[in-house]
Amino acid sequence: MMVLTLPDGKQLNAEASQTYSDVIAQHLPFLTKKALAVKVNGEEFDLSRTVDQSGNLEVLTFDSEEGKEVFWHSSAHVLAQAIKRIYPRAELTFGPVIKNGPGFFYYDIYLEDKISEDDLPRLEEEMQKIVQEKLPVSREVYERSKAIEEFKAMGENFKAQIIAEIPEGQTISVYKQGDFQDLCRGPHVPNTGSLGHFKLTAISGAYWKGDTANPQLQRIYGISFPDKKQLTAHLDLLEEAKRRDHRKIGRELDLFSFQEEGPGFPFYHNKGSILFNNLSAYIREQCTLRGYEEIRTPIMLSDELWVRSGHMANFKENMYFSTVDNRGFAIKPMNCPGSNLVYKTKMRSYRDLPLRQAELGTVHRHELSGVLHGLFRVRSFTQDDAHIYCTAEQLEDEIQGAIEFTTDVYKKFGFNEINTFIATRPEKAMGSDEVWEKATNGLINALTRKGLTYGIKEGEGAFYGPKIEFNVKDSIGRNWQLGTIQVDFSLPDRFELEYIAEDGKKHRPVMIHRAILGSLERFLGIIIEHYEGKFPLWIAPVQVRILTVTPAQEAYAQELKKIFLKAGIRSEADTSNEKIGYKIREWTSQKINYAVVIGAKEAEESKVALRKLGEQESETISVDEFISRLQSEIAG
RNA sequence: GCCCACAUAGCUCAGUCGGUAGAGCAUUUCCAUGGUAAGGAAAAGGUCACCAGUUCGAUUCUGGUUGUGGGCUCCA
């Protein structure tokens with residue numbers, strides 16, 4: 001007799017001869033349909049397994065992350081089965097569940113025939129058929145040599161290789177469903193009928209084990225949901241994301257462009273430039289309020305500096321170089337070395353610390369051509385960077401201040417759901433364990449004191465110190481990684497940074513690198529998509545468009561423009577020879593916050609007919625009233 | 001950088017089975033003088049990304065270059 005404890009503390013008795021399906025059918029009938037697999041004492045099993053231990057039992061359904069993984073992993077198997085039915089010569093390789101990318105799962109196959117996007121509907125159909133066939137999924141444990149032999153006999157040479165590489169002592173399991181079998185750790189859903197609706201979302205090339213020297217594989221990405229409605233909802237979300245694509249909106253609203261002459265180097269048009277400047281001004285203002293000093297360091301600095309900073313050793317492939325007067329220079333890929341040179345221009349006292357040096361620094365990084373992507377991934381960008389020099393004792397307070405600063409800024413943009421991660425010591429790292437532990441604890445304590453929960457990204461810290469990463473969720477639920485706070489014990493050493501402490505002796509300060517928006521370019525791209533180009537008034541490049549009903553109001557329109565300019569309101573006038581309906585349409589498509597329509601009546605009485613973007617009604621008010629309303633809205 | 005796809009007017013896209021191209025929108029001009037999501041007409045606008053090759057002839061076929069898009073870590 002086994003005793004299983006559910007997450008809510010309820011206990012069930014089970015016979016050793018029973019399977020987990022039996023247990024669920026007997027004790028938890030409401031879960032019979034939804035159950036995909038079980039987790040017993042932290043380990044996941046198929047429902048068809050017999051109960052062989054007492055302990056904690058969790059029934060995995062699509063509602064949990066782990067349940068989704070099982071669902072998607074089984075979906076990948078169905079994809080593979082469909083591929084094998086249509087392309088019997090295809091050889092299977094890997095078919096994992098993924099966290100980011102164009103699908104929830106993919107399957108990499110080796111096949112000489114090219115599969116094209118046009119072939120995907122046929123595969124989807126076959127997958128749907130496999131679900132309707134309700135094939136039971138069974139698990140078998142194999143002995144290594146037998147498994148290799150069998151997969152080789154099936155022509156699955158990649159699978160045979162994978163099996164050969166499985167570490168000694170690990171169980172080799174094979175899952176079968178109908179005419180299909182695949183090597184897999186599992187667990188899987190009990191029956192292909194437990195799966196739902198599929199959509200194959202992308203097809204691309206990949207390499208065996210990600211190495212370009214290896215054979216080229218074809219990768220098919222897919223998504224799946226138990227419910228057709230959920231699938232439709234997700235496809236709608238993808239459509240929505242397409243509508244919000246910052247590259248498209250950037251062109252439509254005349255914000256920025258890219259030119260062949262500068263791949264990866266954005267050109268800001270006037271309106272994009274205003275947005276950029278507004279972001280910068282906001283960050284400057286906030287930095288000043290929080291006791292930061294602003295500096296500006298050169299774009300190009302001599303090679304020796306980059307040797308000293310370690311960038312030549314660690315970052316060279318991403319840097320641009322130049323030779324001037326027979327001396328080597330590098331264009332800065334980061335701002336920290338320049339900031340350190342400023343630090344060293346005078347003897348610093350402990351009374352100067354913490355010294356918070358901010359820089360809106362434009363850096364250049366040579367990214368691989370294939371990864372460039374609108375404003376999200378560029379080769380030249382401006383960071384809202386800052387370097388805080390402080391004593392070890394001040395570290396935690398400074399980190400806490402930086403956290404508060406960061407979350408305040410995100411909230412200003414309506415990013416209310418913020419997730420934080422701590423990236424810990426990587427394998428290759430500088431500094432003693434003790435120092436790392438202290439720094440990591442400093443980060444954890446600061447987060448805890450702010451009442452923030454955090455995830456751990458094991459081994460993902462920088463080589464010179466641990467970091468906090470901030471993630472935000474945008475208006476359509478997508479996650480973006482934005483700022484980081486990093487503790488650095490290495491650069492102060494390399495640059496021999498010092499301050500005179502109370503004891504009259506020289507000490508080494510600790511350095512914190514922090515960026516909130518990260519890259520202004522990327523951040524701008526994110527808020528374009530987040531707001532769908534409908535920026536809040538305070539940051540909008542154009543806040544009001546003046547629309548004349550007839551050309552007779554042109555003079556009044558120009559007068560209003562001047563008045564608005566003086567009042568600090570960004571406006572433009574549409575005095576074109578078009579009907580008002582046409583102008584309203586244009587104004588709407590430009591997503592400008594307000595329209596003021598002026599006809600003969602308004603011009604006569606110094607009034608405006610005000611209409612807000614997204615609203616149908618307009619309201620006639622005096623110019624003064626309009627200005628004071630806008631000013632108070634801008635002030636927030 | 002690698003793989004696949006794409007590159008035709010400012011934008012979105014047709015088209016040419018090899019005989020140098022077209023629409024809608026935008027632009028300009030004219031008419032209409034208008035009240036909250038497209039009034040009408042006309043004109044102008046292209047070395048069909050770039051460089052070679054094949055051909056009597058290439059925007060079209062072939063190769064290369066550049067740029068753009070989707071991928072290229074997830075692990076049986």
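A, B, ... follow the sequence lines: proteins, then strands. Residue 1 opens every chain.
With Tyr221(A) as the fixed residue, the ring pair (Phe, Tyr, Trp, His ring centres under 6.0 Å) test singles out one of Tyr106(A), Tyr107(A), Trp72(A), Phe105(A): Tyr106(A).
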Under 3.5 Å, which N/O atoms of the protein pair with N/O atoms of nucleotides 63-72 of chain B?
{"from": "U66(B)", "atom 1": "O2'", "to": "Glu260(A)", "atom 2": "OE1", "distance (Å)": "3.3"}
{"from": "G69(B)", "atom 1": "OP1", "to": "Arg247(A)", "atom 2": "NH1", "distance (Å)": "3.1"}
{"from": "G69(B)", "atom 1": "O3'", "to": "Arg247(A)", "atom 2": "NH1", "distance (Å)": "3.4"}
{"from": "G70(B)", "atom 1": "OP1", "to": "Arg247(A)", "atom 2": "NH1", "distance (Å)": "3.4"}
{"from": "G70(B)", "atom 1": "OP1", "to": "Arg247(A)", "atom 2": "NH2", "distance (Å)": "3.1"}
{"from": "G70(B)", "atom 1": "OP2", "to": "His373(A)", "atom 2": "ND1", "distance (Å)": "3.1"}
{"from": "G71(B)", "atom 1": "O3'", "to": "Tyr221(A)", "atom 2": "OH", "distance (Å)": "2.7"}
{"from": "G71(B)", "atom 1": "O2'", "to": "Ser204(A)", "atom 2": "OG", "distance (Å)": "2.3"}
{"from": "G71(B)", "atom 1": "O2'", "to": "Tyr221(A)", "atom 2": "OH", "distance (Å)": "3.3"}
{"from": "G71(B)", "atom 1": "O6", "to": "Gly370(A)", "atom 2": "O", "distance (Å)": "3.4"}
{"from": "C72(B)", "atom 1": "OP1", "to": "Tyr221(A)", "atom 2": "OH", "distance (Å)": "3.2"}

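Here Phe225(A) and Phe104(A) bring their ring centres to under 6.0 angstrom of each other.
U16(B) and U8(B) have their C1' atoms separated by 11 Å, given to the nearest Å. Rounded to the nearest Å, the gap between the C1' atom of A26(B) and that of U12(B) is 11 Å. When the C1' atom is compared between A9(B) and U20(B), the two are found 15 Å apart, to the nearest whole Å. With both ends at atom P, the span from C31(B) to C50(B) equals 40 Å, rounded to whole Å. Atom name C1', nucleotides A58(B) and G19(B): the rounded distance is 10 Å, in whole Å. Taking atom P on both nucleotides, U54(B) is separated from U60(B) by 15 Å, rounded to a whole Å. A gap of 14 Å separates the C1' atoms of A44(B) and C30(B), to the nearest Å. A23(B) and C56(B) have their P atoms separated by 34 Å, with the value rounded to a whole Å.
Checking A76(B), G35(B), C74(B) against every side-chain atom of Pro96(A), the shortest atom distance belongs to C74(B). Here the side chain of Ala609(A) is nearest to one of A37(B), U36(B), G39(B), namely U36(B).
Along RNA chain B, the nucleotide closest to Leu547(A) and the one closest to Leu217(A) are compared, and the more 5′ of them pairs with Leu217(A).
Salt-bridge check for Arg545(A) with Glu572(A): passed, with a basic side-chain N closer than 4.0 Å to an acidic carboxylate O. Salt-bridge check for Arg243(A) with Glu240(A): passed, with a basic side-chain N closer than 4.0 Å to an acidic carboxylate O.
Pairs passing the side chain to side chain donor-acceptor pair (under 3.5 Å) check and including a residue from residues 588-601 of chain A, sequence neighbours excluded, read Tyr594(A)-Glu633(A).
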Read 5' to 3' with Watson-Crick or G-U pairs under 3.5 Å, [ ] for crossing pairs and | for partners on another strand, RNA chain B gives (((((((..((((.....[..)))).(((((.......))))).....(((((..]....))))))))))))....
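Distance CD (Gln161(A)) to P (A76(B)): 15 Å, rounded to an integer number of Å. The CD-P distance, from Glu617(A) to U36(B), rounds to 13 Å in whole Å.
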Go through the steps to decide whether Glu619(A) and Arg629(A) satisfy the test salt bridge (charged side-chain N to carboxylate O under 4.0 Å, His left out), and finish with yes or no. CA-CA 13 Å; Glu619(A) 176 188 11; Arg629(A) 274 199 209 176; 3.0 Å; yes
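Of the side-chain N and O atoms in Arg251(A), one or more sit less than 4.0 angstrom from OP1 or OP2 of U12(B). For Tyr107(A) and A76(B), the shortest distance from a side-chain N or O to OP1 or OP2 is not below 4.0 Å.
The heavy-atom pair separating Asp46(A) from Val38(A) by the smallest distance is O-CG2, 4.3 Å.
Within the 4.5 Å cutoff, the side chain of Gln181(A) has heavy atoms near those of the Phe151(A) side chain.
Applying the 3.5 Å distance criterion, the base of G35(B) shares a donor-acceptor pair with the side chain of Glu602(A).
If you check every strand for non-hydrogen atoms under 4.0 Å, Ala552(A) touches nothing.
Using cut-offs of 30° and 60° on the angle between ring planes, the pair Tyr110(A) and Phe158(A) is tilted. Ring-plane geometry between His364(A) and Phe265(A) is classed as tilted, the angle between the planes lying from 30 to 60 degrees on a 0 to 90 degree scale.
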